[in-house]
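In this chain, numbering begins with 1 at the start of the sequence shown. As the structure is a prediction and not an experimental result, all values here were calculated from the model.
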Amino acid sequence: MRKLITGIMALGVAGALVWTGTKIQSNLYEDQCLDLGGGRNPGNFPICVVVQNDPYLLIGPIAITANDIVSIKPGALSSGNRIVHIELKKEIAAALSGFTRHSVGQPMAMKIDGKTVSSPVIREAIESTKYDIALSEETAKDLIAHLSPD
């Protein structure tokens, strides 16, 4: 009788450990989904849905979309290039600031539509939400058209 009770208790403890482990793993998995930008699992499916669109503008590793822009507008012509005034939302500007703070002395590639248009060396952390970028007239028009928050 004692062996039967011990066996039942062992099965109960093992079952509780398995249940606890699946709950912990589930929480870790959902956190990984959040870290990847996919959010919580849709419905009750055991998958993480991550929608990835190729970003039109990359500054270093920071992808900037129309949702990250407060305003974007053309500025004056300078040396054959069009100045584009961009104001970023605080959250994306903070990410760019963190990247530049830890990358002083390193090149920072700026890619528009997958093509590198500039690769300046970071001299100091960028701490602003407002930026001016000098681009060719055509590239400036495309950038404004793709990233305009309207």
With a 3.5 Å cut-off and no angle check, do the side chains of S103 and T100 form a donor-acceptor pair? no

Could you tell me if D68 and T65 have a donor-acceptor pair between their side chains, going purely by distance under 3.5 Å? yes

Looking at every non-hydrogen atom in both residues, tell me the closest pair between [X] and [Y] and how far apart they are.
{"X": "S148", "Y": "I72", "result": "CA-CG2, 3.7 Å"}
{"X": "R82", "Y": "G75", "result": "NH1-O, 2.6 Å"}
{"X": "A63", "Y": "L58", "result": "CA-CD2, 3.5 Å"}
{"X": "I126", "Y": "M108", "result": "CD1-CE, 4.2 Å"}

Derivation and outcome, side-chain contact (heavy atoms from CB on, under 4.5 Å), residues L57 and M110: CA-CA 7 Å; L57 175 62; M110 180 187 306; 4.0 Å; yes

From [atom1] ([X]) to [atom2] ([Y]), nearest 0.5 Å:
{"X": "L147", "Y": "I86", "atom1": "CG", "atom2": "CD1", "answer": "6.5 Å"}
{"X": "K111", "Y": "T116", "atom1": "NZ", "atom2": "OG1", "answer": "4.5 Å"}
{"X": "Q106", "Y": "R123", "atom1": "CD", "atom2": "CZ", "answer": "11.0 Å"}

Taking the side chain as C-beta and beyond, is there a heavy-atom pair between [X] and [Y] under 4.5 Å?
{"X": "L88", "Y": "I69", "result": "yes"}
{"X": "P74", "Y": "I83", "result": "no"}
{"X": "V117", "Y": "I133", "result": "no"}
{"X": "T139", "Y": "V84", "result": "no"}
{"X": "I62", "Y": "L96", "result": "yes"}

Looking at residues at least two apart in the chain, or sitting in another chain, which of them share a ring-ring contact (aromatic ring centres under 6.0 Å, His included) with H85? none

Does anything in residues 88-97 form a side-chain hydrogen bond (donor to acceptor under 3.5 Å, both in side chains)? List the pairs, not counting sequence neighbours. S97-R101, S97-E127

Applying side-chain contact (heavy atoms from CB on, under 4.5 Å) between L135 and each of I144, N81, L143, report the one that passes. L143

Is it possible for you to say whether V104 and I59 belong to one hydrophobic cluster, with membership spreading through side-chain heavy-atom contacts below 4.5 Å? yes

